[in-house]
There are 2 protein chains.
Amino acid sequence: MGHERTKMIETSSLSLTDQVFERLQAAIIEGDMPQGSKISEPELAKIYGVSRGTLREALSRLEERQLLVRSPHLGARVITLSLEELVDIYQVREALGGMACALAAQKMTDEEIVELRVLLNAHERSIEEDRGLSYYQQEGEFDFHYRILQGSRNSKVLRVLEGGMYQLIRMYRYQFSMASPRPYQALKEHRRIVDAIEERDAELADLLMRRHIQTARKSIEERHKKAMAHRGN
Amino acid sequence: MGHERTKMIETSSLSLTDQVFERLQAAIIEGDMPQGSKISEPELAKIYGVSRGTLREALSRLEERQLLVRSPHLGARVITLSLEELVDIYQVREALGGMACALAAQKMTDEEIVELRVLLNAHERSIEEDRGLSYYQQEGEFDFHYRILQGSRNSKVLRVLEGGMYQLIRMYRYQFSMASPRPYQALKEHRRIVDAIEERDAELADLLMRRHIQTARKSIEERHKKAMAHRGN
DNA sequence: TGTCGGAGAAGTGTCGACACATTTACCTTG
DNA sequence: CAAGGTAAATGTGTCGACACTTCTCCGACA
């Protein structure tokens, strides 16, 4: 009776569905569930220790995120990635990233810009030390872009890129081991972008960001053409 | 009504969840469920004649589409729209619409371009006859933009705009009765865009589409400022 | 030998029920 | 009469079960 019920504001307490959703999403992105593989609801439910109903709610959300495809009575399959789609994604990223960058140049606070520089310095160190290299390429890159999105003060572009496109790009990187092979060059481009933002030059910021993403996209297109040639299209 | 090429195989019957999802989505967009209103699962389930489990799957998808917000143990509420968000949406639409238009200028077939012209002629007639005026504004506009998206051959931009942004814009239009009050001007702009596409001038097509959307966005921003002034911010 | 078809197995679609959290209504108390 | 607490009612989170569909495998038949 006399329990002290210091009720903390435990925001966590995610529902089971949420937990399953996140774990499944990670499993798909990181390739633990192979592309195109069929998903057996009873089997997965047992693995995660939840009921099928709970699992199915998570599946519904994953389907809406385009991470898996479901057809009535046939079940769910993990999406299959193609380089064509990846190019599509980079085109979207280019247009939206450029826009976000222009907005960020107008709306970021001076403080945020300083923090951006600090972040880039940390990136430089981790490249030099050559140990966090893969980290930089895998997550640090997204960290930088994420802050730009935040700075744009546009909730929609954040949701589209962070909630949709970036996830898919991560998935490609994991599964095709396509880390960008030019960390120093990328860092230099990032610095120039921050310069433009600092000078509040929205047009230049847009241009630089587009060019930055374009570089990656073109390298993918190149790779794609080669792949097509190899398999004798 | 456009021709449906490569239409999917006659889907025998959508699952109950799918039906509920679509009906709910329409109800939210068209304002049958007021903004911010709380959703009672047992009540809704009874109305649609399905079990709560079925309903909850639909709710999960709606949540992922940002049409409603759910918090653990507190239930689901229809999203609340703000003009700030609408501006965000139009910014995204501007960047993506421009990009799609540039791509369409490169990739649309001559046939598709002719069909675009036919569509615009139909729009003109329905404006002149003054009977389908609201139809043109409400759906015809989206029809035009939808075909551009199709023509871009970019599956992602189609999904983002058609599956996310356009829905929200429709919702605003329904609930704030914000049909664009300049059908003739819009039609003229649409024609110029098609001209640019026909000439395969990607850069111009991009510019014209951006400007076209910008016009709408600025009128919204204007309206927003007025509203803010009125309520004495 | 190949293919056609029909049990049987496995899987998906949908439902109703129960445990626990939250809200509401009411009663006690200062 | 206001404030606070308690109990009923409502609502959400999660589960197991059943019907019907699709898949699998094997035997019958040409």
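Just so we're on the same page: letters track the sequence lines, and every chain starts at 1. What's counted below: heavy atoms across the whole structure, side chains too, no hydrogens, waters or symmetry copies.
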>> Distance check needed: dT12(C) P versus Glu43(A) CD, whole Å only.
In response: 10 Å

> Would you call the rings of Phe142(A) and Tyr166(A) parallel, tilted or perpendicular, where under 30° means parallel and over 60° means perpendicular?
Replying inline: tilted

> Can you tell me how far C1' of dT10(D) sits from CG of Leu74(B), to the nearest Å?
Replying inline: 14 Å

> What class does the angle between the rings of His145(B) and His212(B) fall in, given that below 30° is parallel, 30 to 60° is tilted and above 60° is perpendicular?
Replying inline: parallel

>> What is the distance, to the nearest angstrom, from the CG atom on Leu14(A) to the P atom on dT14(D)?
In response: 10 Å

>> For a quick check of understanding: with a heavy-atom distance under 4.0 Å over all strands, which category does Leu55(A) fall into, base, sugar-phosphate or nothing?
In response: nothing

>> I want to check one thing: is the phosphate of dT14(C), taken as OP1 and OP2, less than 4.0 Å away from some side-chain N or O of Thr17(B)?
In response: yes

> Quick one: is Ser40(B) getting a side-chain N or O under 4.0 Å of the dG11(D) phosphate, OP1 or OP2?
Replying inline: yes

> Tell me: CZ of Arg70(B) to C1' of dA21(C), nearest whole Å?
Replying inline: 16 Å

> In this structure, are over 12 heavy atoms from other groups packed under 6.0 Å from Lys38(B) atom NZ?
Replying inline: yes

> What does Leu59(A) touch in the nucleic acid at a heavy-atom separation under 4.0 angstrom: a base, only the sugar-phosphate, or nothing?
Replying inline: nothing

> In whole angstroms, how far is the P atom of dT22(D) from the NE2 atom of His73(A)?
Replying inline: 6 Å

> Under 3.5 Å, side chain of Glu64(A) to main-chain N/O of Leu62(B), donor-acceptor pair present?
Replying inline: no

>> If the cut-off is 4.0 Å, is Thr54(A) near the phosphate of dG13(D), judged by side-chain N/O to OP1 or OP2?
In response: no

> Picking from dT22(C), dT14(C), dT12(C), which would you name as closest to the side chain of Glu41(A)?
Replying inline: dT12(C)

> So, is Ser15(B) near the phosphate of dT12(C), with a side-chain N or O under 4.0 Å from OP1 or OP2?
Replying inline: no

>> For Arg52(B) and Glu57(B), find the nucleotide of DNA chain C closest to each by heavy atoms; which residue's nucleotide sits nearer the 5' end?
In response: Glu57(B)

>> Among dT14(D), dT14(C), dG13(D), which nucleotide has an atom closest to any side-chain atom of Ser51(B)?
In response: dT14(C)

> OP1, OP2 of dT12(D) versus side-chain N and O of Arg56(B): anything below 4.0 Å?
Replying inline: no

> On DNA chain D, nearest-nucleotide positions of Gly53(B) versus Ala76(B): which is more 5'?
Replying inline: Ala76(B)

> Atom CG of Asp18(B) to atom P of dG13(C): distance rounded to whole Å?
Replying inline: 9 Å

> Rounded to whole angstroms, how far apart are OH on Tyr48(A) and P on dC15(D)?
Replying inline: 15 Å

>> Could you tell me how far apart Ile39(B) (CD1) and dT10(D) (P) are, to the nearest whole angstrom?
In response: 20 Å

> Strictly by modelled atom types, are Arg70(A) and Ser60(A) linked by a side-chain donor-acceptor pair under 3.5 Å?
Replying inline: yes

>> Would you say Lys46(A) places a side-chain N or O within less than 4.0 Å of OP1 or OP2 belonging to dC15(D)?
In response: no

